[in-house]
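Everything on this sheet refers to the single structure shown next.
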Amino acid sequence: MVGDQVAIPGLGSAPGGSTSEASARAFGEENRARLLKRYFSSAEAVNPENAWRHVYRLLLWIDRTTGLAHCYESDKCQPGRPWYARSLAFHVWSAEALGVAPGELDKHIDYLFRHATADLAHVAARNRARLLDTVSGQRRPYEGMGLPEPGEDPELESIIAEVLDPFLAQRPSPAALRELAERIYAHVGLENKRKNLVGEGFEDTVSALLSRIPAIARTHTIHVRPLLHQVPGFRRPRANSKPRQVDLALVQGATGRRTLVSCKWSVRSDREEQFVSDFRDYAELEEAGEDFDYVLITNEFDPARLAAACEVRRQNSPLFSAVVHVNPAGPHAAYRAPVPARGKGIRRALGHIESGRLVGLDGWLRDVAGR
DNA sequence: CCAATGCTGAAACATACTAC
DNA sequence: GTAGTATGTTTCAGCATTGG
């Protein structure tokens, strides 16, 4: 699976010194920053038009159950279901937009996760090595009692042995089977960890893009996950209520204009509720008596959820000053397949794309840069 | 049958705390 | 002060259920 330069956890990591050491927390802030820096050091210079491609190169992934670029819940994307057609369309569209063959897309996306999981493997190997002595001490009293080895899964091992039997001159050693089983578990388990990276990784990515567009970086201060009261014009909450954090905040130097950004790779209905209550809390803590912008940046593909985000209101104006999709052409391509679908939600979502209520990352970045 | 909406759970990080 | 551990919080996709 993992393509480039992944040293298999063979201990004693010394990858020619070419990479700085991965931190102890593979998905942590420090390591993400390190990976982003590395990515951008050899990537095309960022501008509003290509920003979304960087987002997909860094974060988009292949759904292993379909082999296609992930755009929706996998149970609905299974072959034969309506979203399989849409996933196919999205996969082809994104490959074309990134200038690669559909069969090669997997090698050009998912940079952060692929590299972070490689680092994770190193960290795990390091920890295992470090604890080796402790482990044998723990097992010593039970030596010779035939206790199971960690990671042993006889059932899986017999499946492997059975399937491969016709091709093998001899049955693999128990140790080999056990290692294979362990590697399979590690591989399968990886996918469960993805959401731990995608959340803050998306915030980091958007921030990295903003800071690499000179017209924005020159004129704005960018805060990543600041406490609200670290943003000018917001006050500290009462001592007994906990401090509020914002995904991202932009402050324009010249005017003091403030933009609070909520970055959500995808959205669920309960989160939609949260948008409103978050905003209420923000407004409550505003002390400058000035308006502020509240922006949602997302890669959600569900038309109803997208439309809902565009339509949420607070009193008599839209909750979000702008609703930004990584690239609305993606959902647009998906909704058309195999024939222009037209459910109620899709209609609504398309309407918002056409009206400009739902904008692309490119348009929003141009807007910020042009302020 | 599909869309829409609601709910749940795995996993990780960050930090406060504890014991040495 | 340091290392290890418990707690709290956050993330988002998958799954379940309701609605049309």
Side-chain angles (χ1 to χ4, degrees), chain A residues 22-35 59-66 68-87 110 112-113 116-117 119-121 123-124 126-127 130-131 134 185-186 188-206 224-227 241-248 262-275 277-278 296-312 326 331 334-335 337-339 341-350:
Chain A
S23 90
R25 292 173 294 269
F27 291 172
E29 184 164 8
E30 186 188 329
N31 201 40
R32 294 194 311 264
R34 182 183 136 263
L35 291 174
L59 290 167
L60 182 66
W61 69 94
I62 297 293
D63 178 340
R64 279 294 148 215
T65 69
T66 59
L68 301 172
H70 180 282
C71 66
Y72 203 47
E73 290 151 37
S74 78
D75 55 325
K76 301 169 179 74
C77 293
Q78 292 311 300
R81 315 290 315 276
W83 277 86
Y84 187 60
R86 294 171 192 156
S87 294
D110 210 13
L112 282 183
F113 189 70
T117 49
D119 296 337
L120 191 71
V123 173
R126 216 152 53 199
N127 282 340
R130 188 171 54 84
L131 293 174
T134 313
Y185 271 116
V188 172
L190 270 191
E191 226 21 66
N192 294 336
K193 307 173 198 289
R194 178 179 294 281
K195 44 181 88 83
N196 294 312
L197 184 80
V198 121
E200 296 196 339
F202 189 34
E203 296 160 10
D204 292 344
T205 297
V206 172
V224 188
R225 292 179 289 281
L227 292 170
S241 56
K242 63 173 183 232
R244 305 283 328 201
Q245 243 185 337
V246 191
D247 292 347
L248 222 61
S262 181
C263 284
K264 305 277 169 246
W265 185 259
S266 72
V267 175
R268 288 295 181 280
S269 53
D270 48 326
R271 301 255 162 222
E272 275 166 31
E273 312 276 325
Q274 218 174 34
F275 292 146
S277 70
D278 282 350
L296 172 68
I297 304 182
T298 185
N299 189 54
E300 179 58 64
F301 268 64
D302 180 305
R305 293 169 192 158
L306 272 179
C310 292
E311 291 161 15
V312 220
V326 172
Y335 300 162
V339 287
R342 48 201 154 76
K344 198 159 131 261
I346 287 179
R347 264 229 170 102
R348 266 160 75 209
L350 286 175

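Note that this is a predicted model, so its numbers are computed, not measured. The sequence lines fix the lettering, A, B, ..., with proteins before strands; numbering per chain opens at 1.
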Rounded to the nearest angstrom, tell me the gap between atom CD in A:Q274 and atom P in B:dC7.
14 Å
Could you tell me whether the phosphate oxygens of C:dT11, OP1 or OP2, come under 4.0 Å of any side-chain nitrogen or oxygen in A:K264?
yes
Atom-to-atom span, CH2 of A:W265 to P of C:dT11 - whole angstrom:
16 Å
Partner of A:Y72 under ring pair (Phe, Tyr, Trp, His ring centres under 6.0 Å), picked from A:F301, A:W83, A:Y335, is A:W83
Taking for A:H70 and for A:Q245 the nucleotide of DNA chain C with the nearest heavy atom, the one nearer the 5' end belongs to A:Q245
Reading nucleotides 15-20 of chain C from the 5' end, what letters show protein touch, with B for base, S for backbone sugar-phosphate only, - for no heavy atom under 4.0 Å?
BB----
5' precedence on DNA chain B between A:A304 and A:G80 (nearest-nucleotide basis)
A:G80
Charged N to carboxylate O below 4.0 Å: is that the case for A:E200 and A:R25?
no
Grab the CD-P distance between A:E203 and B:dA14 for me, whole Å please.
12 Å
Shortest non-hydrogen contact between A:R194 and A:F113, atoms and distance
NH2-CD2, 3.2 Å
Among B:dC2, B:dA3, B:dT5, the nucleotide that comes nearest once only the side chain of A:Y72 is considered:
B:dT5
Rounded to whole Å, CD of A:E272 lies from P of B:dC7 at a distance of 13 Å
Indicate yes or no: at least one non-hydrogen side-chain atom of A:I62 is less than 4.5 angstrom from one of A:L68.
no
To check you understand the geometry: which heavy-atom pair defines the closest contact between A:S74 and A:D63, and what is its length?
CB-OD2, 3.1 Å
Looking at A:D75 and A:R81, does any basic side-chain N land under 4.0 Å from a carboxylate oxygen?
no
Between A:D204 and A:R225, is there a side-chain N and carboxylate O pair less than 4.0 Å apart?
yes
Quick one: is A:S269 getting a side-chain N or O under 4.0 Å of the B:dG6 phosphate, OP1 or OP2?
yes
In whole Å, what is the span from the CG atom of A:L197 to the C1' atom of C:dT11?
10 Å
A:C263 and A:E203 have their tightest heavy-atom pair at CB-CG, 3.7 Å
If you check the A:V198 side chain, which of B:dC2, C:dC12, B:dT5 turns out closest?
C:dC12
Tell me the interatomic distance from A:F113, atom CZ, to C:dC12, atom P, rounded to whole angstroms.
14 Å
Could you tell me how far apart A:L59 (CG) and C:dT11 (P) are, to the nearest whole angstrom?
15 Å
When you compare the protein's N or O atoms with those of nucleotides 11-13 of chain B, which come within less than 3.5 Å of each other, and at what distance?
| residue | atom | partner | partner atom | Å |
| --- | --- | --- | --- | --- |
| B:dA11 | OP1 | A:N192 | ND2 | 3.4 |
| B:dA11 | N3 | A:N196 | OD1 | 2.8 |
| B:dA12 | OP1 | A:K193 | NZ | 2.7 |
| B:dA12 | O4' | A:N196 | ND2 | 3.1 |
| B:dC13 | OP1 | A:A26 | N | 3.4 |
| B:dC13 | OP1 | A:F27 | N | 3.1 |

Over how many whole Å does the gap from A:R225 atom CZ to B:dT15 atom C1' extend?
16 Å
Under 4.0 Å between a Lys/Arg side-chain N and an Asp/Glu carboxylate O for A:K264 and A:E272?
no
